[in-house]
Novice: 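Sharing a structure with you now.
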Amino acid sequence: MEYVTLGKTGLRVSRLGLGGIPIQRIDAQAAKKLLDAVEAAGINYIDSARGYSVSEELIGGAIEGRRDKFVLATKTMSRDREGMARDIETSLSNFRTDRIDLYQVHNPSPAQLEQVCAPGGALEALLEAKAAGKIGHIGLTAHAPEVFEKALELDWVETVMFPYNVVETQAAELMERAKARNVGFINMKSLAGGAIADARLAIRFAAANPNVSVVLPGMYAPEEVEENVRAAEDPSPLTVEELERAEAMRRELGTSFCRRCGYCAPCTAGIDIPNCFVFEGYLNRYGLADWARGRYAALASHAGDCVECGVCEERCPYHLPIREMLKKVAADFGK
């Protein structure tokens, strides 16, 4: 396993990490076996989130007694000081530890990022927790390029997590800038939320980019760990055949695949269009039907509320048939 320094954090992390979404599908015994395989493979970077239901708790139980073997990262969508402080304490309890190596602001919008940084915002709690030794470093996760770009201007941001894969390469220039600023880049959605079936190619594609610090696929079975490790540890450059397959995927998914850029917003009917497609992916590809239905149900507006004005399609840089795609989401979720 290759190890790199995660930007200005100074943390030495494995090039392949463990994403904590799919672990929700298994129980404590299976989680222990998963982490056994992760440790044996040399993977030391683990990421979870407050929003991933039991993910933190399962990971915490599985690493008890070997906490020092891993670099722990998690994140929360709390934007104010009180909520962030509360979530940090919850994460510490769930992980059964007194220190979390990296705590991240989870997917803020530009306006929410301003709230995080404002007086009484979440940044105050993060800095207090860091000073107290409860967290080691502070990062940010995003789906919107403008948030990634803004994060690079903020001195407190030590890492950025952002989608990068065969289909989603819109952040390539920002990744170069992150490298130049010594901000660690954590690659989420390396399999495009499960849309890319060829896991080996997806992992090799992401790992081939020197601006990627950690490739972070979600895994829940030892067999997945073994498969992904073989791909990540393959030092050979991408072959012509692999590059051709990657291009074929772009052509196939590029006409119907939401990249979550957010340019379609705001929706006339108040629909969070990108999240509708994200939750549909969890429903149909991650095997997390209950989790996806719960998150989808909590949305203020649903795909079925679409008034078919077409404004979103005019804004979409990828010319997606959003109205038809929303009809499918509404049919899948029942509203």
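Throughout, numbering of the chain's residues begins at 1 and tracks the sequence. A quick note: this is a predicted structure, and the numbers were derived from the prediction, not measured.
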Novice: Between Gln112 and Arg79, is there a side-chain donor-acceptor contact under 3.5 Å, judged purely by atom types and distance?
Specialist: yes
Novice: So which of Val147, Leu152, Val116, Asn107 actually passes side chain to side chain contact (heavy atoms under 4.5 Å, CB included) with Leu140?
Specialist: Val147
Novice: Assess whether a salt bridge exists between Lys189 and Glu168, defined as any Lys/Arg side-chain N lying under 4.0 Å from an Asp/Glu carboxylate O.
Specialist: no
Novice: Kindly compute the distance separating NE2 (His302) from CG (Asp272), expressed to the nearest 0.5 Å.
Specialist: 10.5 Å
Novice: Would you say the side-chain atoms of Lys75 pair up with the backbone N or O of Leu102, donor to acceptor, closer than 3.5 Å?
Specialist: no
Novice: Donor-acceptor pair, distance only, cut-off 3.5 Å: does the side chain of Glu124 make one with the backbone of Gly120?
Specialist: yes
Novice: Does a side-chain N-to-carboxylate-O contact under 4.0 Å join Glu146 and Lys150?
Specialist: no
Novice: At what distance, to the nearest 0.5 angstrom, does CZ of Phe162 lie from OG1 of Thr141?
Specialist: 10.0 Å
Novice: For this output row, return yes or no: ring centroids of Phe333 and Phe279 closer than 6.0 angstrom.
Specialist: no
Novice: Answer yes or no: is there an ion pair linking Glu57 with Arg96, defined by an N-O contact shorter than 4.0 Å?
Specialist: no
Novice: To the nearest 0.5 Å, what is the distance between OG1 (Thr74) and CG (Leu92)?
Specialist: 10.0 Å
Novice: Run the salt-bridge test on Arg204 and Asp234 with the 4.0 Å N-O cut-off and return the result as yes or no.
Specialist: yes
Novice: Please say which of Thr76, Leu72, Ile138 ends up in a side chain to side chain contact (heavy atoms under 4.5 Å, CB included) with Tyr103.
Specialist: Thr76
Novice: With the 4.5 Å side-chain cut-off for hydrophobic clustering, are Val229 and Leu201 part of the same group?
Specialist: yes
Novice: State which residue, out of Glu158, Lys8, Gln104, Lys130, fulfils the side-chain hydrogen bond (donor to acceptor under 3.5 Å, both in side chains) condition with His137.
Specialist: Glu158
